[in-house]
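Have a look at the structure below, then the notes.
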Amino acid sequence: MTYDDDNIFAKILREEIPSSRVYEDDDTLVFMDIMPRADGHCLVIPKTPCRNILDASEAQLAAVMRTAQKVARAVMVAFDATGVTVQQFNEADGGQEVFHLHFHILPRHADVSLRPPGKTGDMAAIQAHADRIRGALGG
Ligand code: 5GP
């Protein structure tokens with residue numbers, strides 16, 4: 001399996017399509033999921049190409065996990081969450097739909113289920129949630 005430069009997250013990285021950005025450093029970018037399964041659902045990706053954990057380098061994985069921890073801690077504060085789910089899928093049969101490595105960060109609360117996948121969220125709400133996470137990150 002080879003990396004396809006035209007995948008949607010590559011286009012987000014190149015700013016060819018818009019996204020609600022939350023955080024970036026030299027190696028990683030965090031932006032809001034457009035079909036949030038929980039308030040504050042965001043995605044952590046490496047800035048360099050790889051499909052998923054099967055072809056990622058140790059450096060890409062280390063950078064993404066460092067950022068995932070940072071953002072997981074921030075969403076706990078931003079959403080007064082009592083837990084956080086980190087999800088990651090590999091290849092179509094593993095549930096992956098976009099073939100640029102990404103980790104889902106999902107703030108969780110007691111007795112609140114994740115919403116079903118595939119439903120586009122309200123853009124104003126998503127933007128407001130991005131602002132909250134950014135605030136918790138000190139940005
Ligand atoms: P996965 O590949 O892990 O199954 O899921 C890909 C994720 O990307 C889904 O949660 C989906 O809602 C999200 N997604 C798909 N297209 C876009 C998009 O154009 N912009 C953003 N921000 N997220 C997207």
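One-based numbering, in listed order, for ligands and for the atoms of each.
Less than 4.0 angstrom separates some heavy atom of Phe31 from each of these atoms of ligand 1: 22 (N). Atom numbering of ligand 1 starts at 1 in the shown order; those under 4.0 Å from a heavy atom of Asp33 are 7 (C), 8 (O), 9 (C), 10 (O), 11 (C), 12 (O), 13 (C). Within ligand 1, counting atoms from 1 as listed, the ones closer than 4.0 Å to a heavy atom of Ile8 are 19 (O). Using a 4.0 Å cut-off to heavy atoms of Ile12, the atoms of ligand 1 that qualify are 20 (N).
The closest heavy-atom contact to atom 3 (O) of ligand 1, among the options His102, Gln96, His41, comes from His102.
Asp25 and Lys70 are not joined by a salt bridge, as no carboxylate oxygen comes within less than 4.0 angstrom of a charged side-chain nitrogen. Ionic pairing of Arg14 and Asp5 is present here: one or more N-O contacts between side-chain nitrogen and carboxylate oxygen are shorter than 4.0 angstrom.
Taking 4.0 Å as the cut-off, Phe99 does not count as a neighbour of ligand 1 on heavy-atom distance. Distances from ligand 1 to the non-hydrogen atoms of Ser19 include no value under 4.0 Å. Residue contact check for ligand 1: His104 places a non-hydrogen atom closer than 4.0 Å to it.
Looking only at distances, no side-chain donor or acceptor of Lys119 sits under 3.5 Å from a matching main-chain atom of Arg37.
A cation-pi contact, defined as under 6.0 Å to the ring centre and within 45° of the axis, links Arg51 to Phe99.
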